[in-house]
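Structure, as structure tokens:
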Amino acid sequence: MRSYQDLFRTPEFAPLFLASAAQTVAQTVSGLALGTLVFRSTGSPLLSAVSMFGPSLAQVLGATFFLSGADRLPPRRTLACVSLAFAAGTALLALPALPVWALFAVVLAQGLVASLGGGVRWGLLNEILSHGGGDGYLLGRSVFNMMSGLMQITGFAAGGLLLAALSPHTCLLLAAALYATAAAVARLGLTARAPRATGRPSVSTTWRTNALLFSDRPRRLTYLGLWLPNGLVVGCESLYVSYAPAAAGTLFACGALGMLAGDVTVGRLLPPAVRRHMATPLLLLLAAPYLLFALHPPVWLAACLVTAASAGFGASLVQQERLMTLTPPDLSGHALGLHSAGMLTMQGAAAALAGTIAQLTTPAWSMTTMATISTAVTLTLAAAGRRTPSRTTEPAQRARGDHGSDLEPDTAV
């Protein structure tokens, strides 16, 4: 798999891509509308941040109870049902008389559904591209990340314009329609595939597989690197609305632009020998610009800092590539779902922490604090990776027939 054209010639890649694009725009528009609605109603940075990133907090529950379904449910039907559930929940959020407590209950339910959807989507992507060998998944995931960046730029820019002209409730209804579109594309464009693993989904199976995936030290360090540093930086992002209420859409769009640049660089431009050592430098780049928010920069400078920092999100491509080398194929959906659920859970927790700090200080100081913690975590995980002895990962690599699971110093995070 050597070019982007090869990807789009691969059967089912295009419909999965389009369905995910529609869902990303819907998430972007609905998140901005919901955060604005809550901030206007309550004036609270904490509640505004949690409303936008609250579904992420529920990911830990989904990963604990439902994630075994990522490899044991039919992908096409599951993805369509997940999008329809989000369409219904977002339409419910648009009800004008919905109290704040009910709003957060809906947000919690959406997070539970999303925890399963991530594993199914990325497991299916890995399955679609696995026959090409080489770096097929990495290249495909980089295209999805670039799409996510472009759709977020579009969604935040359009969301900002829509919120200036329409009410947040109307914007939520438009997002619900986009979710329904994503469901239709998944149902009509994907083929009916059998589940990757046999057996029925269950809580006990989810627990056993989670324990298996997390029991190996190299894989565990990779998971922590995927979850913690960028989750803490998303806590900074959750404060854009309270930091610059009139320019939050601009800051989110600049962040998406930076993420796009980072994904293009990592997914397409860096050779493999260089790429595998770039996780730690990229994670440090992700946090460093936010340290300057202690000076409370004006919006134009804040936008430049956000753009530069977000290029560091490209580290996740390096880390996901490593995760797939440490995971047997029949657990790929579960492994990627655990990554997605853990990452989003951390993002939600970080949004709540950042909002709490902002409530007690200022949004600018909260951003600086979260960036400082992220930097410290990255350096700690990098040091732990250097202390990891060379040995064969088990049992995942025995199941794949691989040998030598040495954790490179710069790929521990």
Side-chain angles (χ1 to χ4, degrees), residues 31-32 35-36 38-39 43-54 56-57 152 156 224-259 261-262 279-316 343-383 413:
L32 184 58
T36 302
V38 171
F39 188 68
S44 169
L46 171 60
L47 293 179
S48 174
V50 172
S51 68
M52 291 186 68
F53 294 89
S56 303
L57 287 170
Q152 286 182 37
F156 284 125
L224 292 176
L226 281 162
W227 295 342
L228 298 179
N230 71 19
L232 290 161
V233 170
V234 169
C236 302
E237 294 182 343
S238 73
L239 297 174
Y240 290 169
V241 171
S242 54
Y243 181 81
T250 299
L251 294 179
F252 278 116
C254 287
L257 178 63
M259 185 174 68
T280 296
L282 286 168
L283 289 175
L284 293 174
L285 171 63
L286 182 62
Y290 285 101
L291 298 174
L292 298 178
F293 273 74
L295 303 176
H296 208 291
V299 171
W300 70 267
L301 180 55
C304 293
L305 293 172
V306 165
T307 304
S310 297
F313 280 116
S316 68
M343 178 185 67
L344 292 172
T345 297
M346 185 60 204
Q347 291 177 1
L353 175 60
T356 301
I357 296 172
Q359 197 91 8
L360 298 174
T361 58
T362 65
W365 274 108
S366 180
M367 290 178 179
T368 301
T369 301
M370 300 300 287
T372 301
I373 298 172
S374 178
T375 300
V377 169
T378 295
L379 295 175
T380 300
L381 289 174
V413 295

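Worth knowing before you read on, the calculation uses all heavy atoms, side chains too, and leaves out hydrogens, waters and symmetry mates. What you see is a predicted model; the values in this text were computed from it and never measured.
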With sequence neighbours excluded, tell me which residues meet side-chain contact (heavy atoms from CB on, under 4.5 Å) with A256. Q152, I153
Do you know the tightest heavy-atom contact between A315 and A279? CB-O, 3.7 Å
For the residue pair L226 and M343, what are the closest heavy atoms and their distance? O-CG, 3.9 Å
At their closest point, which heavy atom of S44 faces which heavy atom of F39, and how far apart are they? O-CD1, 3.8 Å
Measuring from L284:CG to S374:OG, what's the distance to the nearest 0.5 Å? 8.0 Å
Rounded at 0.5 Å granularity, tell me how far CG in L232 sits from CE in M367. 14.0 Å
What are the two closest non-hydrogen atoms of G314 and L282, and how far apart are they? C-CD1, 3.9 Å
Only counting residues at least two apart or in another chain, list the ones meeting side-chain contact (heavy atoms from CB on, under 4.5 Å) with T369. I357, I373
Could you tell me whether a side-chain N or O of S366 sits under 3.5 Å from a main-chain N or O of A354, the two making a donor and an acceptor? yes
Between side-chain atoms of residues 285-313 and protein atoms elsewhere (two or more places apart, or another chain), which donor-acceptor pairs fall under 3.5 Å?
| unit_1 | atom_1 | unit_2 | atom_2 | d |
| --- | --- | --- | --- | --- |
| Y290 | OH | Y240 | OH | 2.5 |
| T307 | OG1 | C254 | O | 3.4 |
| T307 | OG1 | A303 | O | 2.8 |
| S310 | OG | G255 | O | 3.3 |
| S310 | OG | V306 | O | 2.9 |

Euclidean distance, S238 OG relative to Q347 CD, rounded to 0.5 Å: 10.0 Å
Closer than 3.5 angstrom, by distance alone: can the side chain of T368 be matched with the main-chain N or O of A364 as a donor-acceptor pair? yes
Tell me the closest heavy-atom pair linking L251 and A244, and the distance in Å. CD1-CB, 4.2 Å
Closest approach of M370 to C236 (non-hydrogen atoms, all atoms of both residues): CB-SG, 3.7 Å
